[in-house]
Protein chains: 2
Amino acid sequence: MAAEAGLSRERVLRAAVAIADERGTAGLTMRSLAASLGVEAMSLYHHVANKEAVLDGLVEVVMGEIEEAVAGLDAPAPEEDWRTAMRMRVLAAREVLVRHPWAPGVFESRTGTSLAVARYYDGVLGLMVRGGFSYELGHRALHALGSRALGFSQELFEPDGMEAPEEALAAMAEAVPHLVAMIADASHGGALLGWCDYQAEFEFGLDLILDGLERLRGKV
Amino acid sequence: MAAEAGLSRERVLRAAVAIADERGTAGLTMRSLAASLGVEAMSLYHHVANKEAVLDGLVEVVMGEIEEAVAGLDAPAPEEDWRTAMRMRVLAAREVLVRHPWAPGVFESRTGTSLAVARYYDGVLGLMVRGGFSYELGHRALHALGSRALGFSQELFEPDGMEAPEEALAAMAEAVPHLVAMIADASHGGALLGWCDYQAEFEFGLDLILDGLERLRGKV
DNA sequence: CACCATAGGCTTACATTGTAAGTCTGTCAA
DNA sequence: TTGACAGACTTACAATGTAAGCCTATGGTG
């Protein structure tokens with residue numbers, strides 16, 4: 001929409017984030033990106049190698065926001081309370097990802113490790129080591145946490161839309177009796193939709209893992 | 001490559017799986033799929049609605065293989081030992097996914113819940129309920145497990161290729177001191193590449209979660 | 001000062017993809 | 001016999017990434 005001064009890798013990436021935020025990654029094409037900068041598609045190639053590089057850049061930007069959020073945290077020293085320090089860090093990362101719902105998909109699509117992501121995991125590992133983890137346990141912990149360390153987990157169910165809850169469920173009712181019973185049982189919310197609190201579920205899973213790690217700390 | 005008799009949804013999906021297995025999903029186009037069946041691209045549309053439907057079909061096929069693997073299991077009754085029953089089920093699913101490395105990506109790309117996936121999770125939930133879980137804990141457990149219940153977890157690091165281990169690591173060495181130290185420390189394998197055993201790491205994370213759940217069983 | 005190399009924009013053109021629309025043909029029921 | 005239809009094919013197009021080359025102002029150098 002806005003033209004302004006010359007382009008730059010930074011301006012291009014910022015615009016890409018903006019488009020992804022409002023239209024999702026499907027709406028992010030080299031042409032739409034260029035248009036949002038008041039420029040032609042091919043001009044972008046003076047600043048980024050290709051579209052893959054743009055996606056890599058998105059990861060960089062998001063990781064930057066996460067590092068910033070983590071830096072602004074007032075967390076306990078890991079030597080004192082690694083569990084709380086870790087929990088705060090992960091939840092801070094999660095807040096950033098919630099602002100960019102497309103980010104998990106982009107993270108997963110990147111093959112090969114980006115420096116920004118490696119640096120983040122290095123920080124996570126450092127935190128655990130300072131908290132008394134052996135490198136071996138730290139290693140296993142990184143795997144066990146997986147993307148949860150970055151604040152997201154794979155939801156195979158109802159990722160975004162509403163998916164016509166009643167009809168869909170009714171249609172498969174007899175095929176999935178336990179799920180139906182589980183929803184019927186739920187004393188929470190009451191209705192079908194929105195009856196489950198993703199943030200709470202995320203924290204539950206995170207705590208489950210952190211508890212397990214704490215129990216192993218020092219022993220392995 | 002082979003023509004043979006008429007098409008059918010099943011033949012199309014089988015061919016799609018074959019292509020994904022050998023060329024990855026990037027190599028799976030309507031044209032390549034048609035060609036592998038000795039047919040023109042548009043002919044496929046008599047049997048599948050569109051490419052999305054093909055991808056949905058891939059999920060169906062994989063879930064079918066998983067259900068088959070699970071059915072062939074000689075697992076203890078959940079009432080006796082839910083933990084072992086669950087563990088065996090998940091690892092059986094994982095074996096199927098290892099045969100189809102593209103599957104996780106396709107699962108993640110599907111929005112909205114497929115019947116096949118819902119049915120699988122229904123089975124997992126049923127197992128836990130028979131093992132003494134409340135619906136509430138079963139619910140949380142499904143979230144905590146996430147895709148791990150299907151046998152895969154998000155690896156943000158070195159997803160497939162070799163990624164020039166020494167050079168890449170050396171390049172980022174000063175940015176990620178803890179990771180470097182961790183690798184140096186590793187008494188396992190010895191070399192950089194292949195030094196970490198994904199299957200073992202997966203099982204570690206799985207057991208961490210199952211242990212945590214067992215501790216909560218009956219209490220919530 | 002003249003000059004020209006370069007950065008960074010633009011235009012054109014093409015291959016690859018999914019898929020809409022319509023055609024052709026053999027099979028089987030009326 | 002016929003005629004409807006399933007299921008193949010042909011053609012055509014829009015969207016996308018990107019290769020190749022053009023054009024122009026800017027600024028360092030003879």
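FYI, side chains are in, hydrogens and waters are out, and symmetry mates aren't considered; it's all heavy atoms of this structure. Residue numbers begin at 1 in each chain, while the letters A, B, ... track the order of the sequences.
Geometrically, R140(B) does not engage F133(B) in a cation-pi contact defined by less than 6.0 Å to the ring centre and at most 45° from the axis.
In this model, the phosphate group of dA8(D) is approached by a side-chain N or O of H47(B) to a distance below 4.0 Å at OP1 or OP2.
Atom P of nucleotide dA8(D) and atom CE of M30(B) are separated by 13 Å, given to the nearest angstrom. For the pair L7(B) CG and dC9(D) C1', the computed distance is 12 Å after rounding to whole Å. As rounded to whole Å, 13 Å separates atom P of dG8(C) from atom CZ of R11(A). Taking atom CG of L44(B) as the reference point, atom P of dT10(D) lies 14 Å away to the nearest angstrom. In this structure, CD of E40(A) is placed 10 Å from C1' of dG9(C), rounded to the nearest angstrom. Nucleotide dA20(C) holds its C1' atom 10 Å from the OH atom of Y45(B), rounded to whole Å. Between K51(A) atom NZ and dA15(D) atom C1' there is a gap of 11 Å when expressed in whole angstrom units. The distance from atom CE of M42(B) to atom P of dC9(D) is 11 Å, rounded to the nearest whole Å.
In terms of polar N and O atoms assigned as donor or acceptor, the side chain of H46(A) never comes within less than 3.5 Å of the base of dA7(C) in a complementary pairing.
Base engagement by S43(A) is indicated by at least one non-hydrogen atom pair under 4.0 Å involving a base atom.
In this structure, Y121(A) OH and M63(A) CE are separated by 8.0 Å, a value rounded to the nearest 0.5 Å. Rounding to the nearest 0.5 Å places CD1 of I19(A) at 10.0 Å from CG of L58(A).
Residue whose closest nucleotide on DNA chain D sits further toward the 5' end, between T29(A) and R31(B): R31(B).
Ion pair D21(A)/R99(A) not flagged as a salt bridge, since none of the NZ, NE, NH1 or NH2 atoms sits closer than 4.0 Å to an Asp/Glu carboxylate oxygen.
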